[in-house]
Amino acid sequence: MAVDQFVTSNSVIALGSGELVNLAIAHLGSCLLAGKLENVTVVPACTTAAHEAAFHGVPLTTLEEARRVSLLLDQADQYDEAANAALKGIRAEPQQPELPRLRQAIGAAERVVLLAEAQDVVPRLGASLPVFIEAADWEEPAEALDDLFLGDAEIWRRPASGVANPRGGDNPYVSPEGHHIVDVRFYEGMRLLGEEASYGAIAAEVERIDGVVATGLLLGIAAAAVVADAKGGARVVQHTPAAAASSSSS
């Protein structure tokens, strides 16, 4: 549905990650092959999207080469429909998230459409919050996060593989760009200073910390969302995105 409703011929679109995005890429490739769409080029916002697009014969480009990006499709790990808010990058499998790259693509896109499974639509975001931090001096921002969420969450550095612990185990993950991922693991949903706070307030406090590169909290960016149910159906939710696609919007 996302491709049929939102992708048009003669356009450049950006693609994020997730099984629903992979299905959209496969359908896009079929539409191009059948001539239902023409001259659609993809900017991959993650390595998997690049591989999937190439496999299905969808032409690739880069943000630097593209004159404009009309649309970005990405799958939310959790989605708060009422707040137009989503969490991204919660899961390390099948691949680690590439949030800085996704953020760059979001900033270049004229329109963002989120995809979500029905079971991932929640009344309040409550899973862990992934935070990308500079790996060279990771302990200071991690300690600042620990202070910020003291009593509300635990701070765990994500491992490259194996069992996690607060310091990332024997093999902490380091992104190709030199970033660690620190997961803010909330005890009872997303809270700040012991109280339930707006997503915007939480994002603003996290982003003030030196060394923070990007977070998985996506606020006010979506013009629409496509929610897929277990029976193969889908519904479209229309949003009015914030004037600026900022992670600190609420």
Side-chain angles (χ1 to χ4, degrees), residues 1-46 48-63 65-88 98-99 101-121 218-247 249:
M1 175 183 283
V3 171
D4 294 335
Q5 182 158 346
F6 296 106
V7 179
T8 60
S9 294
N10 304 307
S11 64
V12 178
I13 66 172
L15 295 171
S17 61
E19 186 57 33
L20 294 178
V21 175
N22 294 343
L23 292 173
I25 294 171
H27 184 56
L28 175 59
S30 297
C31 289
L32 290 170
L33 184 63
K36 295 179 181 179
L37 288 170
E38 297 179 343
N39 192 31
V40 176
T41 308
V42 161
V43 173
C46 68
T48 299
H51 291 164
E52 289 290 321
F55 178 79
H56 290 287
V58 179
L60 296 171
T61 187
T62 65
L63 281 178
E65 294 173 346
R67 294 184 178 179
R68 59 192 290 265
V69 176
S70 58
L71 173 72
L72 179 139
L73 296 177
D74 188 45
Q75 183 171 345
D77 294 332
Q78 275 195 348
Y79 169 53
D80 181 338
E81 178 179 329
N84 189 8
L87 278 171
K88 182 69 181 180
E98 300 178 48
L99 290 178
R101 185 174 177 182
L102 175 64
R103 289 282 187 186
Q104 187 178 21
I106 288 172
E110 296 176 359
R111 194 179 196 199
V112 174
V113 173
L114 294 177
L115 313 180
E117 300 277 7
Q119 67 266 23
D120 294 326
V121 179
L218 307 179
L219 305 180
I221 65 168
V226 179
V227 179
D229 62 37
K231 297 181 180 180
R235 62 184 178 90
V236 176
V237 180
Q238 298 290 343
H239 287 298
T240 301
S246 168
S247 62
S249 303

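Note that this is a predicted model, so its numbers are computed, not measured.
Distance check: Asp120 CG to Leu87 CG gives 10.5 Å after rounding to the nearest 0.5 Å. Note that OG1 of Thr41 is 9.0 Å distant from CD1 of Ile13, once rounded to the nearest 0.5 Å. Atoms CG and CZ, from Leu73 and Phe6 in turn, are 8.5 Å apart once rounded to the nearest 0.5 Å.
In plain terms, the two heavy atoms of Leu60 and Ala53 that are nearest each other are CD2-CB, 3.5 Å. Residues Ala223 and Gln238 share a closest heavy-atom pair of O-OE1, 3.6 Å. Annotation for Val226 and Ala234: closest pair CG1-CB, 4.0 Å, computed over non-hydrogen atoms. Between Leu28 and Val42, the shortest heavy-atom contact is CD2-CG2, 4.0 Å. Gly16 and Val21 get closest at one heavy-atom pair: O-CG1, 3.3 Å. When all heavy atoms of Val3 and Cys31 are compared, the closest pair comes out as CG1-SG, 4.5 Å.
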Margin query: Applying side-chain contact (heavy atoms from CB on, under 4.5 Å) to Met1 and Arg235, what does each step give before you reach the verdict?
Written below: CA-CA 9 Å; Met1 175 183 283; Arg235 62 184 178 90; over 6 Å; no

Next item on the list: Give the C-alpha distance, both sets of side-chain angles, the deciding distance and a yes or no for side-chain contact (heavy atoms from CB on, under 4.5 Å) between Asp74 and Val112.
Entry: CA-CA 8 Å; Asp74 188 45; Val112 174; 5.9 Å; no

Margin query: Leu72 vs Ile221, test: side-chain contact (heavy atoms from CB on, under 4.5 Å). Steps then yes/no.
Written below: CA-CA 10 Å; Leu72 179 139; Ile221 65 168; over 6 Å; no

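Within the structure, side chain to side chain donor-acceptor pair (under 3.5 Å) pairs that include any residue of residues 10-20 comprise Asn10-Asn39, Ser17-Lys88 (at least two apart or interchain). Applying the side chain to side chain donor-acceptor pair (under 3.5 Å) test to residues at least two apart or on different chains, the pairs with a partner in residues 48-61 are Thr48-Gln95, Thr61-Glu65.
The closest side-chain heavy-atom distance from Arg68 to Val12 is not below 4.5 Å. Side-chain contact between Pro44 and Arg101 is present, with heavy atoms from C-beta onward closer than 4.5 Å. Counting heavy atoms from C-beta on, the side chains of Asp4 and His27 come closer than 4.5 Å. A heavy-atom distance below 4.5 Å is found between the side chains of Leu32 and Pro59.
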